[in-house]
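Letters go in sequence order (proteins before strands), and every chain restarts at 1. Keep in mind it's a predicted model, so treat the numbers as computed, not measured.
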Amino acid sequence: MMSRFTSPALLGGLALAGLLCGPALAQAPAAPTPDKGDTAWMLVATCLVLMMSVPGLALFYGGLVRTKNMLSVLTQVFAIVCLVCLIWVTYGYSLTFTNGGGLNDFVGGFSKAFLAGVDATTTAATFSNGVVIPELVYVCFQMTFAMITPALIVGAFAERMKFSALVLFMVLWVTFIYFPMAHMVWYWGGPDVVAEAARGLAEAGDGAAKAAAQTRLDEVTADAGLIFQWGGLDFAGGTVVHINAGIAGLVGCLILGKRIGYGRDLLAPHSLTMTMIGASLLWVGWFGFNAGSNLEANGTTALAMMNTFVATAAAALAWLFVEWGAKGKPSLLGLVSGAIAGLVAVTPASGFAGPMGSIVLGLIAGAVCYLFVANVKSALGYDDTLDVFGIHCIGGIIGALATGILVNPALGGAGIPDYVTKPGELSIAAYDMATVMWAQGKAVLLTLAWSGIGSAILYKIVDLIVGLRVTHDEEREGLDLADHGERAYNY
Amino acid sequence: MMSRFTSPALLGGLALAGLLCGPALAQAPAAPTPDKGDTAWMLVATCLVLMMSVPGLALFYGGLVRTKNMLSVLTQVFAIVCLVCLIWVTYGYSLTFTNGGGLNDFVGGFSKAFLAGVDATTTAATFSNGVVIPELVYVCFQMTFAMITPALIVGAFAERMKFSALVLFMVLWVTFIYFPMAHMVWYWGGPDVVAEAARGLAEAGDGAAKAAAQTRLDEVTADAGLIFQWGGLDFAGGTVVHINAGIAGLVGCLILGKRIGYGRDLLAPHSLTMTMIGASLLWVGWFGFNAGSNLEANGTTALAMMNTFVATAAAALAWLFVEWGAKGKPSLLGLVSGAIAGLVAVTPASGFAGPMGSIVLGLIAGAVCYLFVANVKSALGYDDTLDVFGIHCIGGIIGALATGILVNPALGGAGIPDYVTKPGELSIAAYDMATVMWAQGKAVLLTLAWSGIGSAILYKIVDLIVGLRVTHDEEREGLDLADHGERAYNY
Amino acid sequence: MMSRFTSPALLGGLALAGLLCGPALAQAPAAPTPDKGDTAWMLVATCLVLMMSVPGLALFYGGLVRTKNMLSVLTQVFAIVCLVCLIWVTYGYSLTFTNGGGLNDFVGGFSKAFLAGVDATTTAATFSNGVVIPELVYVCFQMTFAMITPALIVGAFAERMKFSALVLFMVLWVTFIYFPMAHMVWYWGGPDVVAEAARGLAEAGDGAAKAAAQTRLDEVTADAGLIFQWGGLDFAGGTVVHINAGIAGLVGCLILGKRIGYGRDLLAPHSLTMTMIGASLLWVGWFGFNAGSNLEANGTTALAMMNTFVATAAAALAWLFVEWGAKGKPSLLGLVSGAIAGLVAVTPASGFAGPMGSIVLGLIAGAVCYLFVANVKSALGYDDTLDVFGIHCIGGIIGALATGILVNPALGGAGIPDYVTKPGELSIAAYDMATVMWAQGKAVLLTLAWSGIGSAILYKIVDLIVGLRVTHDEEREGLDLADHGERAYNY
Amino acid sequence: MKIVMAIIKPFKLEEVRDALTAIGVHGLTVTEVKGYGRQKGHTEIYRGAEYAVSFLPKIKIEVAVSTDLVPSVVDGITAAARTGQIGDGKIFIMPLERAVRIRTGETDADAL
Amino acid sequence: MKIVMAIIKPFKLEEVRDALTAIGVHGLTVTEVKGYGRQKGHTEIYRGAEYAVSFLPKIKIEVAVSTDLVPSVVDGITAAARTGQIGDGKIFIMPLERAVRIRTGETDADAL
Amino acid sequence: MKIVMAIIKPFKLEEVRDALTAIGVHGLTVTEVKGYGRQKGHTEIYRGAEYAVSFLPKIKIEVAVSTDLVPSVVDGITAAARTGQIGDGKIFIMPLERAVRIRTGETDADAL
Ligand SMILES: Nc1ncnc2c1ncn2[C@@H]1O[C@H](COP(=O)(O)OP(=O)(O)O)[C@@H](O)[C@H]1O
Ligand SMILES: Nc1ncnc2c1ncn2[C@@H]1O[C@H](COP(=O)(O)OP(=O)(O)O)[C@@H](O)[C@H]1O
Ligand SMILES: Nc1ncnc2c1ncn2[C@@H]1O[C@H](COP(=O)(O)OP(=O)(O)O)[C@@H](O)[C@H]1O
């Protein structure tokens with residue numbers, strides 16, 4: 001029943017075309033060849049996202065810890081990037097972007113383990129019919145997302161987690177939390193596959209032929225991750241990256257407990273200069289993250305860039321002025337923290353919202369995250385060292401929900417794409433708020449549950465095997481000397 | 001009278017095609033579609049120019065102040081970037097790149113306020129007939145120029161201006177000084193509009209038809225900013241960005257007065273390491289600034305890149321060796337200051353000059369700016385903290401005037417484009433030094449006057465409202481603690 | 001005799017198509033026009049490689065020296081970049097990429113001195129028939145390689161070489177060592193020239209015509225550098241850049257002698273934070289270096305990017321874990337040193353090896369370089385301050401030899417291109433290990449000899465003219481104050 | 001009057017300051033120093049080269065007090081700074097002949 | 001001989017140095033210290049968390065002088081370092097039994 | 001007991017430390033200071049502005065020793081720290097009335 005294909009859920013699902021990731025399905029040589037402009041942009045976007053992790057995130061976080069722990073943060077982030085790199089090409093890419101058979105709702109399979117069948121000639125689909133990019137650049141681009149997500153968690157238990165424990169935890173976390181989440185949200189067959197099936201249905205006569213075509217189309221639309229099928233909208237990773245890492249961080253800092261002297265001693269950032277450098281590079285790199293998620297270099301890419309500019313600026317100023325009013329001084333840390341909050345919030349919305357909607361989103365994200373970090377955290381009294389939860393999880397939730405509203409063309413949004421009605425060309429489906437918000441809400445809740453519960457289990461396992469936390473004396477001496485036998489500075 | 005169209009002034013005017021900015025006129029869907037290679041390059045160029053401001057410029061400046069003021073400089077630059085971002089999409093872009101009706105010589109209108117009518121499908125013209133880019137990437141690219149220009153001024157009154165005053169001043173400055181200047185120099189109708197009108201004239205019969213076509217062409221060529229009509233050449237912003245900010249800085253440091261201890265205490269840079277990082281990122285980012293100003297990815301873009309390499313290297317070495325001779329030691333600060341002087345000077349010339357001409361330009365800029373900063377400044381005795389005037393204004397003037405000479409094909413220059421003679425294809429007009437230099441001279445003088453006088457008024461207004469300068473005790477304690485309640489470092 | 005064209009040597013030679021550099025031969029306007037996607041990518045790649053030198057390499061090295069010498073390292077690297085920039089456009093490009101007549105095996109001529117005949121309209125060939133890029137972007141891209149190579153040497157004699165001596169040495173070194181090496185490895189006629197000659201032979205009748213065509217083809221294939229003719233494989237500069245600089249560094253530190261206090265005092269890195277930033281920017285920039293060396297934006301470019309990811313991650317982790325086992329602690333310096341070792345090793349292999357082969361290469365490079373730096377160096381007792389030899393020369397040799405093995409399609413390699421058999425389209429030649437390894441071995445040995453002996457002579461000359469080393473008191477005070485009269489930090 | 005100079009472990013500064021305030025000493029001067037003594041240092045390794053670092057970060061506190069206060073000051077510092085492990089530090093007492101408050105010119109007891 | 005130890009506000013160093021040179025004292029040793037006293041510190045806020053910083057940056061000057069010079073040294077320092085506001089600092093005078101110039105081995109008066 | 005305070009050139013620290021250990025002094029406290037004296041400083045130039053820097057980096061060593069050890073300590077330091085050039089530094093000897101080891105409460109000789 002064609003109706004099924006106009007059901008909001010499916011439209012939402014197809015809307016996921018707007019998502020970060022095309023399928024990894026290698027196209028036959030007959031398939032369209034990549035446009036070199038798209039390829040050039042995706043190569044650059046990949047470099048930009050790597051720069052977000054190292055040195056960007058490492059410096060943003062590192063500057064916020066005390067001198068004696070600076071080097072440990074840098075080491076943790078850099079090591080995670082390298083670890084995930086090897087895991088990704090070994091089985092991560094396959095687990096994320098292949099059909100997982102019976103488990104396909106939740107995770108992919110091993111058909112592309114060790115990048116089997118992936119070479120310089122294979123391509124990956126984008127969100128435009130007939131437009132593809134070299135699969136290897138798609139693998140690299142996706143890899144940088146898998147690298148930075150676990151690195152984000154580091155901030156929650158910085159200054160006290162054992163390096164060996166961290167290494168073990170991250171290997172487990174990407175395997176059991178990240179790859180499945182990414183599969184659930186981002187795996188699908190690509191526009192051409194959908195179009196072909198839809199065309200088949202359209203051209204099919206009646207009776208058997210029609211039924212067969214219908215079945216085929218059902219199969220095609222069913223060959224996607226669970227949240228994708230629900231129709232959650234996430235342009236560049238609000239759920240997979242930020243909510244996912246944010247909740248894992250919260251669970252982590254609760255399990256590890258507070259740092260010695262928390263609430264008593266002056267645990268001031270050792271170098272806001274480094275934090276500002278990190279924040280700036282994160283902003284610059286985030287254009288690769290958000291605009292790159294369009295997988296092409298076109299007008300929508302430019303829209304994502306624009307949204308990534310204005311939401312960030314709005315959130316940065318919102319935090320600055322709210323803090324100025326509340327505490328009497330406009331701070332650099334507030335300014336850059338707001339910028340990150342804005343970047344996080346606009347991530348899922350970047351290709352769906354309009355510029356003005358993004359400004360509103362940024363203002364809200366900046367103000368709410370400030371309240372959370374400045375008041376709620378101290379009220380609840382947990383020690384989320386660098387506010388991974390307060391900024392990434394809260395900001396991610398705000399963004400995920402706001403996306404469902406701002407995508408509305410009536411609010412200047414890009415609307416929800418529909419690849420079925422007119423097979424082969426992109427049309428915008430009718431907007432139904434209830435349906436979209438329901439899908440967004442479910443996506444957020446599943447992410448919180450999967451990552452929250454899953455991470456808790458992994459922390460416990462690691463605690464049993466190597467122990468999560470360093471000794472009191474080591475914590476006092478600082479992780480740099482205790483864990484790594486080096487000092488960040490010898491002035 | 002066709003003669004008008006071969007008048008040097010107009011040729012000069014058309015030469016402005018070489019300018020940074022195409023029109024914001026959205027093309028009808030019928031119009032040419034963007035080449036993805038151009039789009040990819042402009043997306044990257046935009047990221048590069050943002051990187052120039054944060055962290056580039058912030059670090060270059062921050063490293064030169066004393067530790068106690070480091071954080072204030074970082075905050076000022078980052079805050080300006082965010083403020084201008086929101087102002088730009090609200091009314092800045094519209095005031096700069098739309099027709100201002102009666103005031104069109106000086107400023108645009110509000111027809112595109114809140115980016116009205118700008119979306120992922122609209123395009124902006126480049127300097128080649130029939131070549132366009134997505135309008136949103138053009139809006140973003142232009143935005144990064146509007147962000148960095150006011151941030152440049154910060155260096156002139158660093159270490160003593162009140163943050164609240166700075167915020168207010170910058171909002172006023174971009175509104176009344178920058179947007180009009182950018183409109184005067186960069187607003188025009190684009191090559192296709194000119195070509196169409198010219199073709200109309202060519203094809204028109206005689207009598208009434210011809211007269212009508214002539215009028216049409218006159219209208220088209222008149223629909224541009226004042227300096228553009230004069231025919232000033234400025235490839236990437238020598239006048240709009242550097243002379244504009246440089247003179248505003250001089251006026252500012254004169255009005256605020258010297259820092260406590262100026263000339264007596266050791267006001268040494270607190271971290272030349274940060275200054276070197278900043279200078280390096282400025283150089284890297286400047287390729288987005290200069291080569292990006294071609295709005296396409298072609299041979300002329302490569303020429304702009306080459307000129308941006310050699311002029312910078314030449315100026316850096318010129319400063320190094322002149323100082324080595326004069327003071328006995330080759331300094332890092334001299335080397336990087338020379339590099340910035342070269343980048344400033346080559347900005348207006350980057351797409352017009354030849355590599356060898358750019359080397360000469362660089363050598364002159366490096367040596368002259370050194371003399372200015374090392375001798376003239378101390379002779380005149382004003383306290384331009386980070387030499388915004390000595391490097392940006394002086395370097396900008398050198399570059400603006402040199403452009404008029406180096407554009408000459410006889411000197412290896414690219415020559416002055418003429419879109420009229422052969423409608424639809426680019427031809428090079430005859431070079432007439434007197435005319436070109438006259439246009440360049442007028443452009444420089446108008447910029448100095450508009451920004452110099454205008455800024456003075458704005459400083460006074462801000463002084464009345466919030467007061468420009470911090471108290472003596474606050475200045476002694478440092479702006480970091482006094483204004484922001486934070487310290488840049490807690491080692 | 002056509003056989004000659006299937007001889008492994010020639011195939012190897014043609015395989016060099018895989019090399020970093022296309023010819024500088026300007027194509028006639030009739031020739032193919034550049035694809036804007038390729039141009040966009042090469043513009044970006046050029047920016048990335050500049051970023052590797054400044055600030056990347058400068059920070060990586062600078063962080064490893066003592067505070068009192070930080071500024072001297074930054075100055076040296078930045079000054080070298082500027083010097084080489086001017087030398088390159090003056091005569092370097094010409095000496096490297098033009099026919100040197102009688103000396104053509106070893107060096108080019110002066111036909112393009114001062115970029116004669118090079119402008120915005122001329123193009124340079126790539127490694128695909130019929131694909132070209134603007135010559136000026138090619139000149140810029142190549143220039144960045146000429147800039148960073150001498151800068152790499154600085155690390156070997158850091159903390160003790162006189163600045164004036166360094167400047168003089170570098171001018172001589174690029175002229176007599178780098179340009180010839182680059183010419184020997186990278187100069188050839190380009191795929192179209194070869195294809196045309198081959199087609200000529202194929203179409204030629206018999207007798208005289210065939211003989212003539214044969215001669216023509218012989219000429220064409222002979223119009224290349226010596227190592228290119230031998231058939232050495234070097235995708236992005238393992239020999240020309242890393243072995244070349246590494247051996248020059250070793251010779252340098254042997255001639256200058258050890259630093260005061262070497263082996264006795266704590267010569268700890270003054271800021272591993274800066275070193276980590278530098279290493280990260282080197283990694284990010286290296287994608288421009290390796291993937292940019294494909295001169296196009298296509299699947300092979302993506303392959304080079306992928307290899308540059310995995311080899312680096314593998315080497316970083318190899319060093320980390322080996323050191324963890326050997327010394328008991330996982331160090332940040334080990335992690336990033338391994339990353340650089342991996343980047344060096346994968347440089348010549350990046351476009352030839354497969355991802356899995358690159359992982360193995362990385363693991364080996366990380367472990368071997370660690371052993372070299374941690375044990376061999378101290379055993380031999382020379383003072384290679386920043387391990388230029390242990391990482392760049394050793395890593396470069398490992399990579400150069402491994403390339404000969406990993407290129408084998410049987411091992412997932414890309415295989416050796418053959419432009420002759422099917423003129424106009426790329427075919428893969430049969431793989432013969434013995435031949436390839438023999439060519440690789442000869443290339444390595446010639447590089448070691450040319451640069452080792454040549455550098456020794458240049459050091460001696462410079463020592464006679466200005467003296468290589470600062471006085472004991474100056475060395476104690478630190479080069480920053482002694483040589484430059486500045487301090488890197490004034491906290 | 002005496003100058004009491006104490007070398008303590010860095011993380012004990014706050015506690016010692018509080019202890020002194022408790023017994024009415026409202027002024028002191030702190031210096032970051034490096035100490036060498038029985039407490040063994042640590043080893044740093046850079047690219048395989050091992051360095052034994054024997055100087056450890058310590059905090060030096062200097063307090064000028066009237067002679068009668070000395071015993072309680074010493075007890076206060078000792079109690080607050082002690083961890084029982086090697087490296088807790090020392091207290092040295094030196095004679096102070098005169099003290100002047102720059103702002104007022106007050107001298108001796110009044111100056112403290 | 002005496003050791004005159006003065007704690008002053010950082011930006012007063014140059015003036016004090018000049019004052020001492022003026023009265024013929026040509027050598028002194030300076031240390032960056034942190035001071036705690038009547039002068040109240042400032043508050044730093046990081047992401048909403050407020051920290052009261054009570055230790056303020058000060059400069060410690062140590063000058064060894066012959067006893068007869070002490071009064072003029074004290075006066076010189078007091079005059080140069082005074083701003084009249086809380087936190088101007090203190091001057092402490094301690095006995096110096098012996099002084100040696102390492103380079104020459106000269107002792108006491110000759111060593112200064 | 002005495003407090004021996006020596007101002008030396010930074011790169012001499014290791015040698016002095018070894019010299020003291022040699023004569024049985026196993027504890028000392030080191031401070032980074034800036035010294036002003038006969039040794040002339042250097043000039044720094046930033047964008048043409050010249051600054052004469054007269055304060056030079058020095059190391060201050062404080063050692064508490066029993067009176068009888070003082071001569072050998074002085075000789076040890078002098079021998080190890082001397083280069084014969086201006087700026088070698090000074091040694092000052094001050095009375096030490098009491099010493100306490102925080103960890104154990106031991107006093108005087110036992111505390112050193
Ligand atoms: N003779 C001394 N003179 C000056 N300072 C000393 C002396 N002995 C020890 N110290 C200081 O006291 C600190 C602690 O001494 P140490 O012997 O390590 O432990 P403990 O105080 O438990 O005996 C040292 O780091 C050093 O700063
Ligand atoms: N009892 C003391 N012992 C040692 N140093 C002191 C003492 N009291 C004050 N100081 C030093 O003198 C500085 C100034 O003292 P403070 O009470 O703040 O102002 P004032 O000197 O005007 O009384 C303090 O910061 C501290 O460094
Ligand atoms: N009167 C003094 N009081 C305190 N310290 C002094 C005095 N005179 C010199 N010093 C310290 O001794 C150091 C060396 O003194 P200087 O006169 O430069 O050389 P020399 O020790 O060879 O005479 C100075 O840098 C300073 O730190």
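- For C:Val84, no part lies under 4.5 angstrom from a heavy atom of chain B.
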Inset, instruction - Output, in order, the C-alpha distance, side-chain angles, deciding distance and verdict of side-chain contact (heavy atoms from CB on, under 4.5 Å) for B:Met276 and C:Thr75. - result: CA-CA 9 Å; B:Met276 186 275 184; C:Thr75 313; over 6 Å; no
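- Contacts of B:Met356 with chain C are made by side-chain atoms alone, with heavy-atom separations under 4.5 Å and no backbone atom involved.
- Here the CE atom belonging to B:Met305 is positioned 9.5 Å from the CE atom belonging to C:Met42, to the nearest 0.5 angstrom.
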Inset, instruction - Could you please spell out the steps behind the side-chain contact (heavy atoms from CB on, under 4.5 Å) verdict for B:Met306 and C:Val118? - result: CA-CA 11 Å; B:Met306 174 55 84; C:Val118 181; over 6 Å; no
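- Heavy-atom distances place the side chain of C:Leu59, and not its backbone, under 4.5 Å from chain B.
- Between B:Thr300 and C:Ala120, the shortest heavy-atom contact is N-CB, 4.0 Å.
- With a 4.5 angstrom heavy-atom cutoff, C:Asp483 touches chain B only via backbone atoms.
- Between chain B and the residues C:Cys82, C:Ala40, C:Ser164, the largest count of heavy-atom pairs under 4.5 Å involves C:Cys82.
- Residue B:Pro330 touches chain C through both its backbone and its side chain, counting heavy-atom pairs closer than 4.5 Å.
- A salt bridge is absent between B:Asp35 and C:Lys36; no separation between the charged side-chain nitrogens and carboxylate oxygens falls under 4.0 Å.
- Neither the backbone nor the side chain of B:Ala488 comes within less than 4.5 Å of any heavy atom of chain C.
- In this structure, CG on B:Leu332 lies 9.5 Å from CE on C:Met70, to the nearest 0.5 angstrom.
- Taking CD of B:Glu296 as the reference point, atom OG1 of C:Thr39 lies at 10.5 Å (rounded to 0.5 Å).
- Using bins of under 30°, 30° to 60° and over 60° for the plane-to-plane angle, the ring pair B:Tyr491/C:Tyr491 lands in the perpendicular bin.
- No option in C:Thr46, C:Leu50, C:Leu48, C:Val49 other than C:Leu50 meets the side chain to side chain contact (heavy atoms under 4.5 Å, CB included) test with B:Val284.
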Inset, instruction - Report the C-alpha separation of C:Leu43 and B:Phe287 in whole Å, then their side-chain angles, then the decisive distance to 0.1 Å, and conclude whether the side-chain contact (heavy atoms from CB on, under 4.5 Å) test is met. - result: CA-CA 9 Å; C:Leu43 288 165; B:Phe287 292 110; over 6 Å; no
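- Atoms OG1 and CD, from B:Thr275 and C:Glu486 in turn, are 10.0 Å apart once rounded to the nearest 0.5 Å.
- Taking 4.5 Å as the limit, some side-chain heavy atom of B:Trp283 sits within range of a side-chain heavy atom of C:Val81.
- Heavy atoms closer than 4.5 Å to chain C are found in the side chain of B:Ala316, but not in its backbone.
- Heavy-atom pairs under 4.5 Å with chain C were tallied for B:Pro355, B:Gly37, B:Ala279, B:Ser280; the largest tally goes to B:Ser280.
- Without hydrogens or angle criteria, C:Asn490 side chain to B:Pro269 main chain gives a donor-acceptor distance under 3.5 Å.
- Ranked by heavy-atom pairs shorter than 4.5 Å toward chain B, the options C:Leu83, C:Leu136, C:Ile277 are led by C:Leu136.
- At least one donor-acceptor pair closer than 3.5 Å links the side chain of B:Lys329 to the backbone N or O of C:Ala482.
- Contact tally against chain C (heavy-atom pairs below 4.5 Å) for B:Leu272, B:Leu333, B:Thr301: the top residue is B:Leu272.
- Of the atoms belonging to B:Leu317, it is side-chain heavy atoms, and not backbone ones, that fall under 4.5 Å from chain C.
- Between chain B and the options C:Ser53, C:Cys140, C:Ser72, C:Pro134, heavy-atom pairs under 4.5 Å are most frequent for C:Cys140.
- For C:Tyr91, the OH atom counts as densely surrounded, since its 6.0 Å shell holds more than 12 non-hydrogen atoms of other residues, nucleotides or ligands.
- Proximity to chain C (any heavy atom under 4.5 Å) is restricted, for B:Val44, to the side chain, taken from C-beta onward.
- Counting heavy-atom pairs closer than 4.5 Å to chain C, the top-ranked of the candidates B:Leu335, B:Leu266, B:Leu320, B:Leu303 is B:Leu335.
- For the pair C:Trp41 and B:Trp41, the minimum side-chain heavy-atom distance is 4.5 Å or more.
- The closest side-chain heavy-atom distance from C:Pro34 to B:Asn298 is not below 4.5 Å.
- Only the side chain of B:Met274 comes within less than 4.5 Å of a heavy atom of chain C; its backbone N, CA, C and O stay farther away.
- Within the 4.5 angstrom heavy-atom criterion, only backbone atoms of C:Leu481 (N, CA, C, O) approach chain B.
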